[in-house]
Asks: 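Quick one: the structure is below, questions incoming.
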Amino acid sequence: MIDPFRPFWLATGIAAVGLGIAGAFLPLLPTTPFLLLAAFAFARSSPRLHDWLVTHRQFGPMIENWRIHGVISRRAKTASVGAMAAAVLLSWLTGFSATVIIVQLIVMAFVSVFILTRPDAPPP
C-alpha cells in the first residue's frame, strides 16, 4: 500500500537536512534537532536517504547518540537554547504583540527544559 504522506515526509526530510547543514555554519541555527527531524522523516519516506544520513561521517554519530542513548551534546544544547532566545528577542525587537511573545516564551521554556535535561554524553 502506498503511503499518501510519503511526499510530505520526503520534503520535510530534505528541508530539515538543508537547515541542519546551514546550522553547521551559522552560529544561531542548531544542527542536531534538524538532523533528528530529517532522520525521522526519511525513515517514513526514503530508506536510501535514511541510511545515507545515519551513516554519514559527520551527522551519523549525533543521530545515533540520540537514538541509542538519548544524548544531546553540550554544543547542540547551547546552540538550540541560544537560537530560541534569539528568536524571542527578535520577535520583541520587531514589535510582535505581547501575546505572541508570551506564547513563544512558554513553548520555548518547555522545549529548553527538555533539551537541557538530556544527558551530554553516553554513559560510560
Side-chain angles (χ1 to χ4, degrees):
M1 180 172 175
I2 296 175
D3 181 5
F5 292 104
R6 186 170 187 254
F8 167 78
W9 288 120
L10 184 61
T12 299
I14 291 168
V17 166
L19 289 169
I21 290 171
F25 301 101
L26 300 173
L28 290 179
L29 191 63
T31 300
T32 304
F34 288 117
L35 294 178
L36 294 175
L37 174 61
F40 178 84
F42 287 152
R44 282 145 186 76
S45 62
S46 173
R48 183 176 59 85
L49 289 173
H50 180 264
D51 290 345
W52 167 78
L53 187 58
V54 298
T55 60
H56 190 275
R57 172 178 64 83
Q58 189 167 0
F59 303 136
M62 71 177 73
I63 294 168
E64 285 299 302
N65 276 340
W66 172 256
R67 192 176 67 86
I68 295 170
H69 304 290
V71 169
I72 300 175
S73 72
R74 187 166 295 165
R75 181 174 180 252
K77 289 178 182 185
T78 303
S80 297
V81 173
M84 287 186 278
V88 172
L89 179 62
L90 185 62
S91 295
W92 177 68
L93 291 173
T94 56
F96 277 83
S97 73
T99 304
V100 170
I101 294 171
I102 290 169
V103 168
Q104 279 184 322
L105 283 170
I106 291 169
V107 170
M108 290 183 187
F110 280 106
V111 173
S112 293
V113 166
F114 175 80
I115 289 171
L116 294 172
T117 57
R118 301 307 98 195
D120 292 326

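Sequential numbering from 1 along the given sequence is applied to the chain's residues.
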Asks: Show me the donor-acceptor pairs within less than 3.5 Å that the side chains of residues 97-105 make with the rest of the protein, sequence neighbours left out.
Replies:
residue: S97; atom: OG; partner: V100; partner atom: N; Å: 3.3
residue: Q104; atom: OE1; partner: S91; partner atom: OG; Å: 3.0
residue: Q104; atom: NE2; partner: S91; partner atom: OG; Å: 3.0

Asks: Linking Ile, Leu, Val, Met, Phe, Trp and Tyr by side-chain heavy atoms under 4.5 Å, what else ends up with V113?
Replies: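 Same cluster as V113: nobody, lone residue.
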Asks: Out of curiosity, I21 CD1 to T31 OG1, how far, rounded to the nearest 0.5 Å?
Replies: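 Spacing of CD1 (I21) from OG1 (T31) equals 9.0 Å.
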Asks: Tell me, which pairs form a salt bridge (charged side-chain N to carboxylate O under 4.0 Å, His left out) where one or both residues lie in residues 76-100, sequence neighbours left out?
Replies: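 Only K77-D120 qualify under salt bridge (charged side-chain N to carboxylate O under 4.0 Å, His left out).
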Asks: Could you pull out all residues at least two apart from P119 that satisfy side-chain contact (heavy atoms from CB on, under 4.5 Å)?
Replies: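 Counting only residues at least two positions away or on another chain, P119 forms a side-chain contact (heavy atoms from CB on, under 4.5 Å) with V71.
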Asks: Just wondering, more than 12 heavy atoms not from R75 lying within 6.0 Å of its CZ?
Replies: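 No, CZ of R75 has 12 or fewer neighbouring heavy atoms, counting only those of other groups under 6.0 Å.
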Asks: Keeping to residues at least two apart or across chains, list the side-chain hydrogen bond (donor to acceptor under 3.5 Å, both in side chains) pairs with something in residues 12-21.
Replies: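 Not a single pair qualifies under side-chain hydrogen bond (donor to acceptor under 3.5 Å, both in side chains).
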Asks: So do the side chains of F96 and L90 get within less than 4.5 Å of each other, counting heavy atoms only?
Replies: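 The answer is no; the side chains never approach within 4.5 Å.
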Asks: Not counting sequence neighbours, list each pair that qualifies as a side-chain hydrogen bond (donor to acceptor under 3.5 Å, both in side chains) and has a residue in residues 61-71.
Replies: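 Qualifying pairs: E64-R67.
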Asks: For R6, give me all partners under side-chain contact (heavy atoms from CB on, under 4.5 Å), at least two apart in sequence or on another chain.
Replies: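 R6 satisfies side-chain contact (heavy atoms from CB on, under 4.5 Å) with D3, S45 only.
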Asks: For F40, enumerate each residue passing the ring pair (Phe, Tyr, Trp, His ring centres under 6.0 Å) test, keeping only those at least two apart in sequence or located in another chain.
Replies: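 If we apply the ring pair (Phe, Tyr, Trp, His ring centres under 6.0 Å) test to F40, skipping adjacent residues, the hits are W9.
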Asks: Restricting to salt bridge (charged side-chain N to carboxylate O under 4.0 Å, His left out), what partner residues turn up for R44, sequence neighbours left out?
Replies: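 Per chain and number, R44 pairs via salt bridge (charged side-chain N to carboxylate O under 4.0 Å, His left out) with no residue.
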Asks: So, using ring pair (Phe, Tyr, Trp, His ring centres under 6.0 Å) as the criterion, who are the partners of H56 when residues are at least two apart?
Replies: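 By the ring pair (Phe, Tyr, Trp, His ring centres under 6.0 Å) rule, H56 matches W52, F59.
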Asks: Please list, chain by chain and in numerical order, all residues satisfying side-chain contact (heavy atoms from CB on, under 4.5 Å) with I63, sequence neighbours excluded.
Replies: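 Listed in chain order: L35, L36, A39, L53, V54.
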Asks: Side-chain atoms of residues 78-88: list all donor-acceptor pairs with protein atoms under 3.5 Å, sequence neighbours left out, distances to 0.1 Å.
Replies:
residue: T78; atom: OG1; partner: R74; partner atom: O; Å: 2.9
residue: S80; atom: OG; partner: A76; partner atom: O; Å: 2.9

